[in-house]
Amino acid sequence: MSDAPASHSFPPVDEQLALLKRGVVDLVEEGELRERLESSRKTGRPLRVKLGIDPSSPDIHLGHTVVLRKLRDFQRLGHTVVVLWGTATAMVGDPTGKDKTRPQLTREQVEENKKTYKDQIGRVLDLDRIEERENGEWFDRMSFLDAVALAGGTTVARMLERDSFAKRYQAGQPISLHELVYPLMQGWDSVELKADVELGGTDQLFNLHMGRELQKRQGQPAQICMTMPLLVGLDGVQKMSKSLGNAIGVTDTGTQMFGKSMSLPDEPMRSWMELVTDLSAARIDELLGGHPRDAKVALAHAVVEGYHDRAAADAAVEEFERMFKQGGLPDDIPEVTVEAGDGGALMIAALLAQAGMCQTNSEGRRLVQGGGVKVDDVKIDDPKQAFGAGTYLVQAGKKKFARVTVVG
RNA sequence: GGGCGAAUACCCAAGCGGCCAACGGGGCCAGACUGUAAAUCUGGUGGCUAUGCCUUCGCAGGUUCGAAUCCUGCUUCGCCCA
């Protein structure tokens with residue numbers, strides 16, 4: 001280590017590789033990564049590790065953190081994480097994994113999302129040590145002819161190799177031209193950034209390869225592509241996605257994270273433990289060999305601890321046990337005040353709706369008929385039962401509680 | 001530019017003149033059970049001052065005692081030919 005400047009003393013290459021390879025699905029090429037790490041260690045030059053983020057949807061969830069955590073590994077080893085904001089690409093829309101064209105965003109939306117996004121990735125990465133760039137820096141200046149020249153770097157056949165395009169094409173679904181341009185843009189970003197490594201989900205492999213190709217054409221060393229598995233969502237089937245409603249957001253409260261984690265089916269527990277917690281391999285085996293419920297509690301605890309702290313995680317466990325094993329009350333019960341109508345009293349269905357515990361009176365009525373409503377711990381059977389002025393503890397289902405004050 | 005076809009509730013998808021607030025599946029919500037908000041089973045899933053009334057089947061009109069279903073125009077999308 002004496003041959004490297006003190007500020008860039010990297011661990012031995014084998015050690016770095018072992019850490020970096022953990023959990024990785026595709027690694028193109030491992031040999032190249034080793035060489036790159038070796039030369040970096042010799043020269044003291046950190047690798048430039050790129051992650052492109054299109055600030056298209058502003059909320060990041062555990063699924064995104066799989067890649068971010070890998071990036072953090074690089075960061076901890078002393079390498080440079082380059083966060084590339086896809087201010088230009090966000091307005092094009094990445095077709096990956098979509099069977100439909102994505103809506104395009106405006107500049108303003110993109111700027112706004114970027115702010116929120118940055119705050120959230122800060123929950124995983126050390127923001128003081130990232131390099132931030134925007135691909136608007138080069139794409140805004142590129143002329144149409146430049147773009148055409150860029151497009152000359154690949155072929156239609158090459159584009160159609162891509163799974164999602166091929167499927168859509170065969171199924172007779174539309175593919176807009178701009179969607180074909182997207183991978184080119186992403187690849188060009190790598191050229192501009194002189195990226196050594198680019199990370200992404202497994203669905204990004206095609207786009208990552210495009211970076212390699214374009215770099216080679218420009219006479220640069222081709223970047224190493226690494227992909228991380230896609231995290232399955234709370235439904236245990238589809239990938240985690242906010243729009244599918246099966247996600248845990250990094251800004252969720254401890255209680256929310258815990259509860260949501262507990263609703264994960266048993267099967268994906270192992271992959272969750274490996275991808276979104278710091279649990280060691282040995283500990284994971286031990287947990288999965290034991291009672292599934294205990295394993296899930298440990299998993300949920302670890303998830304909460306990663307974004308809050310140990311105390312919050314402990315509290316979440318305790319609250320969960322109390323609520324679901326013993327049917328007790330949650331820690332925080334929202335207080336709401338509602339106004340009674342002319343009669344000076346509110347029917348339970350209307351009360352639920354006005355207290356925001358359901359959308360409409362009819363829905364409240366159904367909740368009551370389904371046997372899911374309790375007031376002051378007494379089950380309500382009649383949707384017409386009315387409540388006058390006073391304060392009541394209202395429970396709708398197992399999860400929704402409120403202390404409702406009715407005023408006349 | 002020409003021809004053909006499609007648009008149904010959160011999504012997929014039946015229905016093709018009255019029995020339609022509209023089959024079925026998914027999702028979601030609730031209940032039972034339990035090892036958890038897993039799994040499984042059951043019920044619910046337009047609104048309302050509710051055994052009835054009102055608004056829904058791309059949009060606007062029309063035919064009819066009566067339309068999601070038939071006709072006309074429009075819009076959007078897809079396919080085929082150019």
Side-chain angles (χ1 to χ4, degrees), chain A residues 98-101 103 167-176 232-248 252-273 287-304 313 316-330 339-354 356-375 379-386 394-401:
Chain A
K98 295 284 162 182
D99 47 4
K100 282 181 185 165
T101 308
K167 274 190 198 138
R168 282 163 62 184
Y169 191 68
Q170 273 165 20
Q173 288 170 323
I175 301 171
S176 299
V232 67
L234 294 175
D235 54 34
V237 181
Q238 292 182 276
K239 73 168 183 174
M240 185 173 282
S241 139
K242 186 161 182 241
S243 54
L244 292 174
N246 63 1
I248 295 182
D252 282 356
T253 65
T255 306
Q256 284 172 329
M257 284 187 178
F258 193 90
K260 286 181 182 177
S261 299
M262 289 303 284
S263 79
L264 185 75
D266 292 350
E267 299 74 50
M269 278 203 284
R270 175 179 290 274
S271 82
W272 270 52
M273 287 177 176
L287 284 168
L288 292 175
H291 197 297
R293 200 197 78 96
D294 296 336
K296 206 170 286 176
V297 169
L299 165 62
H301 185 276
V303 168
V304 176
V317 176
E318 196 186 304
E319 179 174 5
F320 187 85
E321 300 272 316
R322 188 170 70 240
M323 279 179 72
F324 297 107
K325 284 187 111 169
Q326 294 147 36
L329 301 176
E339 288 194 27
D342 302 331
L346 267 184
M347 288 199 313
I348 183 64
L351 188 150
L352 288 166
Q354 289 195 34
M357 299 176 82
C358 62
Q359 296 298 307
T360 63
N361 292 8
S362 298
E363 198 181 323
R365 177 180 297 264
R366 276 182 238 121
L367 266 173
V368 173
Q369 283 165 347
V373 176
K374 283 185 188 171
V375 173
K379 186 168 157 188
I380 306 295
D381 297 311
D382 178 11
K384 284 185 178 166
Q385 187 169 340
V394 183
Q395 179 178 0
K398 285 181 190 141
K399 290 170 265 181
K400 277 175 280 184
F401 289 83

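Proteins get letters first, then strands, A, B, ... in listed order; numbering begins at 1 in each.
Residues A:Asn246 and A:Gln238 form a side-chain contact, since some pair of their non-hydrogen atoms from C-beta on lies under 4.5 Å apart. A:Val368 has its side chain out of reach of A:Asp382: every pair of non-hydrogen atoms, C-beta onward, lies at least 4.5 Å apart.
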- Reading nucleotides 37-44 of chain B from the 5' end, what letters show protein touch, with B for base, S for backbone sugar-phosphate only, - for no heavy atom under 4.0 Å? BS-----S

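Within the nucleic acid shown, A:Ser362 comes within 4.0 Å of at least one base atom, counting heavy atoms only.
A:Arg293 has its CZ atom 16 Å from the C1' atom of B:C33, to the nearest Å. In this structure, A:Ile348 places its CD1 atom 18 Å from C1' of B:C48, rounding to the nearest Å. Distance CG (A:Leu367) to P (B:G31): 8 Å, rounded to an integer number of Å. Across the protein-nucleic acid pair, A:Leu287 atom CG and B:U36 atom C1' stand 15 Å apart, rounded to whole Å. What separates CD of A:Gln354 from C1' of B:C48 is a distance of 14 Å, to the nearest Å. What separates CZ of A:Arg365 from C1' of B:C53 is a distance of 13 Å, to the nearest Å. If you take CD of A:Gln238 and P of B:G26, they are 14 Å apart, rounded to a whole angstrom. At whole-Å resolution of the value, CZ in A:Arg322 and P in B:U36 are 16 Å apart.
Atom name P, nucleotides B:G15 and B:G24: the rounded distance is 14 Å, in whole Å. Taking atom P on both nucleotides, B:G58 is separated from B:A67 by 15 Å, rounded to a whole Å. Comparing the C1' positions of B:G66 and B:G31 gives an interatomic distance of 41 Å, to the nearest angstrom. B:C59 and B:C4 are spaced 24 Å apart, taking the P atom of each and rounding to whole Å. Rounded to whole Å, the C1' atom of B:G27 lies 11 Å from the corresponding atom of B:C12. When the C1' atom is compared between B:C57 and B:C23, the two are found 14 Å apart, to the nearest whole Å. On the C1' atoms, B:A13 is 13 Å away from B:A22, given to the nearest whole Å. Going from the P atom of B:U36 to that of B:U55 covers 49 Å, rounded to whole Å.
A distance of 14.0 Å separates NZ of A:Lys399 from OG1 of A:Thr255, quoted to the nearest 0.5 Å. The line from CG of A:Asp235 to OG of A:Ser263 is 9.0 Å long, rounded to the nearest 0.5 Å. A:Gln354 CD to A:Leu346 CG: the interatomic distance, rounded to the nearest 0.5 Å, is 5.0 Å. Rounding to the nearest 0.5 Å places CG of A:Leu367 at 12.5 Å from CD1 of A:Ile380.
Here the side chain of A:Arg270 pairs no donor or acceptor atom with the backbone of A:Leu288 at under 3.5 angstrom. The closest donor-acceptor contact from the side chain of A:Trp272 to the backbone of A:Val232 lies under 3.5 Å. A side-chain donor-acceptor contact under 3.5 Å links A:Gln256 to the backbone of A:Thr253.
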- Message: Can you give me the dot-bracket string for RNA chain B, 5' to 3', counting Watson-Crick and G-U wobble pairs with both distances under 3.5 Å, using [ ] for crossing pairs and | for partners on another strand?
- Response: ((((((((.[[[..)..(.....]]]((((((.......))))))(((...)))...[[[[[..)....]]]]]))))))).

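Taking every side-chain heavy atom of A:Pro292 into account, B:G35 is the closest of B:G35, B:C29, B:C48.
Along RNA chain B, the nucleotide nearest to A:Gln359 and the one nearest to A:Gly371 differ in position, and the one closer to the 5' end is contacted by A:Gly371.
At the phosphate of B:G47, neither OP1 nor OP2 sits under 4.0 Å from any side-chain N or O atom of A:Asn361.
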Quiz: residues 292-302 of chain A side-chain donor-acceptor pairs under 3.5 angstrom, not counting sequence neighbours:
residue  : atom : partner  : partner atom : Å
A:Arg293 : NH1  : A:Glu321 : OE2          : 3.4
A:Arg293 : NH2  : A:Glu321 : OE2          : 3.2
A:Lys296 : NZ   : A:Leu264 : O            : 2.5
A:Lys296 : NZ   : A:Asp266 : OD1          : 2.7
A:His301 : NE2  : A:Asp314 : OD1          : 2.7

